[in-house]
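Residue numbers begin at 1 in each chain, while the letters A, B, ... track the order of the sequences.
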Amino acid sequence: MSVGEGLASDIDRIRNFAVPAAGVGLGLSALLAYLTPGAMLPAYLTAFLFWFGLSMGCLALTVLHHLVGGNWGQPVRRLLETGAVVILPMVILFIPIMIGRRYLYPWADERIAAGNELILYKRDVLGFLGAAKFAFRAALGFGFWVIVALWCYFNSLKCDQPDEDSPASPRPIERISGLLMAGVFFTGTFAAIDWNMTREPEWVSSIYGAMVLLGWGLEAFAFTIILSTWLTSRSPDMRTVATTSRMHDLGNLMLAFTLLWAYTSFSQLLIIWMANMKEEAPWYVRRSHGGWEYVATALVILHFAVPFLCLLFRNVKRTPRYLVRVAILLLAMHLLDLTWLTIPANAQWNGVGVAHAAEGHVEKASTLIYAFSPIDLALVLLAFVGIGGFWVFSYMWLLRDKPVVVRSALTHPPGRDYLPTGGL
Amino acid sequence: MSHNHPHHEEESPHGLLAEYETTEAILAAAERAYSLGYRKMDAYSSVPVEGLAEAMGMKKNLVAPLVFLGGLGGGLTGFFMQWFASVVHYPYDIGGRPLNSWPAFIPVTFELTVLGAASLATFGMLALNGLPKPYNPLFNDANFAARCTTDGYFLCLEADDPKFDLEASRALLAEFHPKSITIVDR
C-alpha cells in the first residue's frame, strides 16, 4: 500500500525542484519587500492567499467529506488531508504580512487612517480593525485550522493500519464534522475579511467571505484533480481507486464550484451596482479602470465561461487529459482573480507620502486608480513561485512516505459505487 | 418456466426474461448478448448497476443536448423579454442607469435558463423513454412484478430483435446461471 519506488523518486525530483524555487522566490521577494514594500507586499499577499487558500480549501473539503461522505472523495481524501496539514508551515509565511501590515492595510498606516473618519471609527470606536485584534484573530484561526488538520490527518493514518480492530474511517470526526464545517466556514470567512477585505476598510460586502472561501474550494478541487491524475500512472492504488466515474464526479464538483464562484462574484457586483453608493462603488471603479477592466473581462471569460462550457461536456470530465487542462486553467485564473481582488487596493496609497502633496490630495486619493501593470503581475508571479516552492516542498515531504490512498477507499470496491454499504 | 396463455401459442411472445442473483451475472449476460448481436433488450434492477447500460450498448442519448438547448432557449428568452420591455417597449430612466442594464437582467435570465434546462431534462427524458407507458408486458410476470423493485436483477431479450430465437436465446441466458427464465407474453 505504500508509495512505490518510482513514485518516491518522482516525488523527490519535485522536492529537489521546489527547494531552489522557494529559496530564489522568497529571497528575491524579501529583497524587493525591503526595497519597495508598497509594491512587493501586496503581491506577496496575493500569492500567500493563493497557496494558503489551497490548504484552506483542502481542509474544508476534508471536513466536508467527513460530513457528507460520497465516492468522489475516495481518490483524493489523502491528498486533501495532506494539503490541509500544510497550513502549519504556512504560519511562518504569514509573519511578513503581520510585520508589513503598514504597507498593506490603510488602518495600519496613520498617513491614511488619520484623515479618514470611517476608518478611525471602525478601528478606534468599534474596535474591529487594529494590529492586536488582527494578530489575535489570525492566531485563533491558525490554531483551529492546525488542530483540525492534524486531527484529520493522524486519524486517517491510524485507520491505514491493516489490523482488524482499526476502523475503516475515523468515526469521532464524522460525528462532529458538522460543527467543524461551521467552524471552518466561520474562521475562513474571517481570514478572507481580515487579510484582504480590510485592505479597503471603508468598503462593505456581506458575500465577500463566502466568495473567497468558495474560490479556495475550487482551487482544492483543481489541484487534487491534477495530482490524482498524475498519480494514476505512478501508483497502482490510485489507479484502482481513481475510476473514470469518480473523476467524472470530481469534474462535476469542480463545475459546481466554478458556478458558485461566479454566482457569488456576480451577486456582489449586482448588489453594489444597483445600490450605487459612494462607500461601495469605488471598489469596482478601481477594478474596472486603468487596465483592470481587461483583467475583469478575462476573468469572466476564462474563469467562468470557458471552464463552464468545457465542463458541461461529459467527454471532458471522463478524459483525464482534458479535465487536467481545465483544472490548470482554473488555477491560473484563480491566481489572476486574487490579483484582481488584491492589487487595485494599492490606489489608496496614491499620493501618500509625496513630499509636496497639495492640501486635500490625500483625501481625494481614495477615488484614484492604481493602474494594472505587468510589473505587479511579475511580482505576484515571483511570490507565487517562492511561496509555491515552500508549499509544494512541505506537501511532498508529507506525502512521500505515506500511502497516497486511504485504506477505506481500497476496502470499498469501486465497482459497487452505487450500492448501499456499511462503510459510508 | 411457465407459459401463461397456451391459447395464443402461435403469437410470438414479448421476449425471454431471466432473473439473476448477482450484478456480475447480469453484467456478463448483457455483455454476451450484446456481443452476439442482440440489440433489443433491457435490464431491470432496483439499484443502479455500474456499467450495465454500457454493457447493453447504450452510449449517448439526446437528453444532454436537449438540456443544453432548453437552457439556451430559456436564457435567451429571459434576457430578451427584459431587454424588450426596458429598451424598446417601455424605456424608463431609473437612477440614470442605461436602459440596457444587463447586470440587473441576469437573475431572471439565470432562472429561465434553469427552468428551460430542467423542463427539457424532465420531459425530454420521459419522451425519449416512451413514458408514460401504462402497459408493459413484463407486468404479467408475477415474479418480476414482485421483485423488480426489491432485489432482483432481470434481463429481458425481446422477441422483436432479428437475432431472437426462443431456443438459442434461452441457452444464452442460461449460460450465466439465472434463478429463472420465463417466456413473457405480449
Side-chain angles (χ1 to χ4, degrees), chain A residues 71 74 207 240-241 243-249 251-252 255-256 258-278 280-281 284 287-288 293 296-297 300 304-305 308-319 412-421, chain B residues 21-28 30-31 43 45-55 58-72 75 79 82 86 93-98 100-111 113-114 116-118 120-121 150-153:
Chain A
N71 288 299
Q74 304 290 9
I207 209 168
T240 313
V241 172
T243 58
T244 304
S245 73
R246 285 171 178 176
M247 295 314 283
H248 187 172
D249 290 346
N252 275 331
L255 172 62
T258 305
L259 285 170
L260 281 169
W261 171 86
Y263 179 82
T264 48
S265 301
F266 177 75
S267 302
Q268 183 181 279
L269 167 71
L270 179 61
I271 288 162
I272 289 174
W273 184 80
M274 291 293 278
N276 199 21
M277 300 202 315
K278 74 175 170 63
E280 296 176 342
Y284 278 107
R287 284 160 181 78
S288 56
E293 64 269 38
T297 310
V300 172
F304 169 65
F308 170 72
L309 285 173
C310 288
L311 290 173
L312 277 184
F313 289 94
R314 190 181 159 84
N315 201 23
V316 172
K317 288 175 283 195
R318 297 182 83 90
T319 312
H412 181 81
R416 295 169 69 82
D417 268 1
Y418 300 122
L419 292 183
T421 62
Chain B
E21 286 177 289
T22 62
T23 52
E24 287 81 4
I26 194 170
L27 269 172
E31 265 162 22
S45 155
S46 55
V47 289
V49 178
E50 174 115 18
L52 187 53
E54 289 80 2
M58 292 184 176
K59 287 183 191 93
K60 288 197 166 171
N61 59 51
L62 281 173
V63 173
L66 277 178
V67 170
F68 184 78
L69 288 177
L72 201 64
F79 196 93
Q82 297 173 86
S86 315
D93 186 331
I94 303 168
R97 291 187 189 79
N100 182 24
S101 288
W102 65 267
F105 302 163
I106 297 291
V108 171
T109 305
F110 172 75
E111 298 300 340
T113 304
V114 174
L120 271 196
T150 53
D151 59 355
Y153 300 109

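- For the options Ala64(B), Ser101(B), Gly95(B), Gly51(B), heavy-atom pairs under 4.5 Å to chain A are most numerous at Ser101(B).
- In this structure, chain B has no heavy atom under 4.5 Å from any part of Ile271(A).
- Around atom CZ of Phe79(B), more than 12 heavy atoms belonging to other residues, nucleotides or ligands sit under 6.0 Å away.
- The minimum heavy-atom distance between Ala104(B) and Met274(A), with the atom names listed, is CB-SD, 3.9 Å.
- For OH of Tyr284(A), the number of neighbouring non-hydrogen atoms (other residues, nucleotides, ligands) closer than 6.0 Å is greater than 12.
- The minimum heavy-atom distance between Phe266(A) and Pro103(B), with the atom names listed, is CZ-O, 3.2 Å.
- In this structure, Glu50(B) and Ser245(A) approach most closely via the heavy-atom pair OE2-OG, 3.4 Å.
- Rounding to the nearest 0.5 angstrom, the gap separating the CZ atom in Phe313(A) from the CZ atom in Phe68(B) is 6.0 Å.
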